[in-house]
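Let me begin by presenting the structure, written as structure tokens, before commenting on it.
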Amino acid sequence: MKILVTNDDGIGSRGIALLEELALPFGEVMVVAPTDDQSGTSHSLTLHHPLRVNHITENTYSVYGTPTDCVHYALLDLYGEDQPDIILSGINLGPNLGTDVWYSGTVGAAIEGALSGIPSIAFSLVSSESRVYYEELAQDFIPKLLKKIQKNKPSSLLLNVNLPSSESLNYEVEVTRLGSSYYEGNLKKNYDPRGNAYFWIGGDKLPFDEDQGTDSHAVGRGNVSITPLRLEMTDVERLGRTKELFA
Ligand code: MN
């Protein structure tokens, strides 16, 4: 398989090194990732300045841009006619659960892949301890998933995968729907040395969802969560009522 690996945490993240390592036995791997941490940049595209690219090693590039820029650049310039078979984004160090998918650059890169007609998967590692990540479960599960993909060759696919950060291999795989993702105190106010207020977005995450069948509930129980996503955003049920409104 021709595999494009990208992320939003930046080219220096341990998560992308791990994903590359796990992808290598499955084919030709190309790594194209943002130079800096681009977490929270969603599906944004750089339009107002040029994209500079560093060719780091034979199969590794960093882009001064967003995850979507990386996928865009890789598909158009590096691959050209001969597109990759799959795009893997991550492994994000931190959850992308529920409403997180609207903000996530990790998911944004996978969406860009899916929009281009390439099966794409976003991976995130969910830790209960702050900034401590165990890789054992990811090392066990991701090759199993890639083996299935290699065998089944899906023509279209967009998956959001959240993996518990765990040393234990005692887990189940749950196919889930997006749950909710709540943060406490989403805006922190502080003061600079001159007394001017500034704000920092991001609060503490509240406990995992109680709702069975959700992504958050699954990882809260130490299981792998796989949520299939789709790009069709039309509210089909509301089409009729909207037409009536403007008749
Ligand atoms: Mn990130």
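Whatever order the structure lists ligands and atoms in, that order sets their numbers, starting from 1. Note that the structure is predicted; figures quoted are calculated from it, not measured.
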Evaluate the side-chain hydrogen bond (donor to acceptor under 3.5 Å, both in side chains) criterion for residues D9 and S39: first the C-alpha distance (whole Å), next the side-chain angles of each, then the deciding distance (0.1 Å), finally the verdict.
CA-CA 6 Å; D9 291 342; S39 296; 2.9 Å; yes
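- Contacts classified as salt bridge (Lys or Arg N to Asp or Glu O under 4.0 Å) and involving residues 18-28 (residues at least two apart or in different chains) are given here: R14-E21.
- The ring-ring contact (aromatic ring centres under 6.0 Å, His included) contacts involving residues 112-141 comprise nothing, where partners must be two or more places apart or lie in separate chains.
- The number of protein N, O or S atoms lying under 2.8 Å from the Mn ion (ligand 1) is 4.
- Screening residues 14-71 for ring-ring contact (aromatic ring centres under 6.0 Å, His included) gives H55-Y61 as the qualifying pairs, with residues at least two apart or on separate chains.
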Can you list the steps and then say if S89 with T6 is a side-chain hydrogen bond (donor to acceptor under 3.5 Å, both in side chains)?
CA-CA 5 Å; S89 179; T6 188; 5.6 Å; no
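- Salt-bridge formation is detected for the pair D211/R177: a Lys NZ or Arg NE/NH1/NH2 atom is positioned less than 4.0 Å from an Asp or Glu carboxylate oxygen.
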